[in-house]
2 protein chains.
Amino acid sequence: MALTRDDVVDAAVDLLAEVGLEGLSLRRLARELGVSAPTLYWHVADKRTLLDHVAERLLADQWRSAPPIGPGEDWAAWLRERALAQYRALVTHRDAALVVAGNRPTDDALPAVEATMATLVGAGLAPREAFLTLMSVGHFVIGSAVEYHAERARAAETAAVPHGGHDPAAHPTLAAVAAAMGPPDGARHEDVVRHGLDLMIDGLRARLDPAP
Amino acid sequence: MALTRDDVVDAAVDLLAEVGLEGLSLRRLARELGVSAPTLYWHVADKRTLLDHVAERLLADQWRSAPPIGPGEDWAAWLRERALAQYRALVTHRDAALVVAGNRPTDDALPAVEATMATLVGAGLAPREAFLTLMSVGHFVIGSAVEYHAERARAAETAAVPHGGHDPAAHPTLAAVAAAMGPPDGARHEDVVRHGLDLMIDGLRARLDPAP
DNA sequence: GCCCTCCTCTAACAGCGTTAGGGACGCTAC
DNA sequence: GTAGCGTCCCTAACGCTGTTAGAGGAGGGC
């Protein structure tokens, strides 16, 4: 059976998860597919556009599993959950955030964007505000995921960093935080995401109900 | 006069601004310095650590010019301005966001972090909340800058994209947004950043003054 | 005069994305 | 039956990349 472009993209997604963005070369990808490197150019115009397809695939998987908002459901909780799911999707696929960043929304993604924005407009936001909010949440999620991956790569190569090793007297507030939060671990990153999303949502609520 | 590491980092910052992250090669950097490529390895361990130094330099420049908060000044306005300044610094240096992303705060940056967090704690936030907020704002700024650069790179190669070319009937909310916002231009990106920051700050305000 | 450290060099390796050009398979038309 | 054509894959090669090995010159201390 002849190779299809979907096969190439599938293999690229797998290889990305395995070796990261830096390790993903066309020669390696071709070897994985049992094919010579230039052959890939028959199925894909460019490495860059291959990555576009990969990003599309990653996002498509994420949107396809998204439950639409139910009637009477709280839009805030729904938006929070969607953003968190997107963050988790970007975090579980290695380097996905870097690949996805800057991709134009493909036509496939438009209905999802439309639905999300319609929900916000239905909740009382002006269209312009809904759009800016959606972009803001997106930027925040991407930024969080990029930082997560970058810190992860850093941690892998520097083994152990003496985290609390600074002078507490010089930085009392930092010391208080370190004492209050305990050692850094994986859950910490999601705490930040949750906190940021809550801040944005609270800010939205304040706009929707000026004086409750 | 012999080359110093600072010279190399300086030249790398300039070259980054000129040719972008993809165009920044050690050979090109060496040529710019009038030196052969392997010579750089005397001053710098690695390309990766060179980029670390570049990121440090970019952030240092940005924090050094930061005015501390004045007495009686509104913390919200101050935080907003600091975040916007950081965004602008990342945006004006080409690809700076990608280089900076994931850098641990160097020891030089600690006083600034301490000061910012002390301000938030002074305004009434718990240390943990102040820390999470600072991280959230940072992630949002980085994400916005990454998206800015990525979209910029995309726009450069696809010349003109028929932006409003989709079917308005299929996506009424999107069409309303397109009509309300006009054509995309450079200011749009900062609108998103401003909006996101306002949301977060409004959310913070809601926490600080539960029932004003 | 000798050594030692700094700083720079040339030569080279393996790998990268990408292009040029060709060859084998199967379908369709005459 | 065979000529033509589109599909899919190949080898060879170009110019680039980060990086290493090893040699050598300039300048200071003894």
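Chain identifiers are assigned alphabetically (A, B, ...) following the order of the sequence lines, protein sequences preceding nucleic acid strands; residue numbering begins at 1 within each chain.
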Residue list, salt bridge (Lys or Arg N to Asp or Glu O under 4.0 Å) with B:Asp202, at least two apart or on another chain: A:Arg207, B:Arg205
List for me each residue that meets salt bridge (Lys or Arg N to Asp or Glu O under 4.0 Å) alongside A:Asp14, sequence neighbours excluded, and say none if there are none. none
Once each nucleotide of nucleotides 14-24 of chain C is scored for protein heavy atoms under 4.0 Å, what B/S/- sequence comes out, 5' to 3'? --BBBB-----
Using OP1 and OP2 only, check whether a side-chain N or O of [X] sits under 4.0 Å from [N].
X: B:His43; N: C:dC6; result: no
X: A:Trp42; N: D:dC8; result: yes
X: A:Ser36; N: D:dC10; result: yes
X: A:Thr39; N: D:dC10; result: yes

Let me see the working for B:Arg28 and B:Glu18 under salt bridge (charged side-chain N to carboxylate O under 4.0 Å, His left out), right down to the final yes or no. CA-CA 12 Å; B:Arg28 171 87 193 256; B:Glu18 189 182 341; 3.6 Å; yes
Reported [atom1]-to-[atom2] distance for the pair [X] and [Y], which is rounded to 0.5 angstrom:
X: B:Leu199; Y: A:Glu129; atom1: CG; atom2: CD; answer: 8.0 Å
X: B:His195; Y: B:Met200; atom1: NE2; atom2: CE; answer: 11.0 Å
X: B:Arg31; Y: B:Ser36; atom1: CZ; atom2: OG; answer: 12.5 Å

Find the distance [X]:[atom1] to [N]:[atom2] and express it as a whole number of Å.
X: A:Glu22; N: D:dT17; atom1: CD; atom2: P; value: 16 Å
X: B:Leu29; N: D:dC16; atom1: CG; atom2: P; value: 17 Å
X: B:Leu40; N: C:dT8; atom1: CG; atom2: P; value: 9 Å

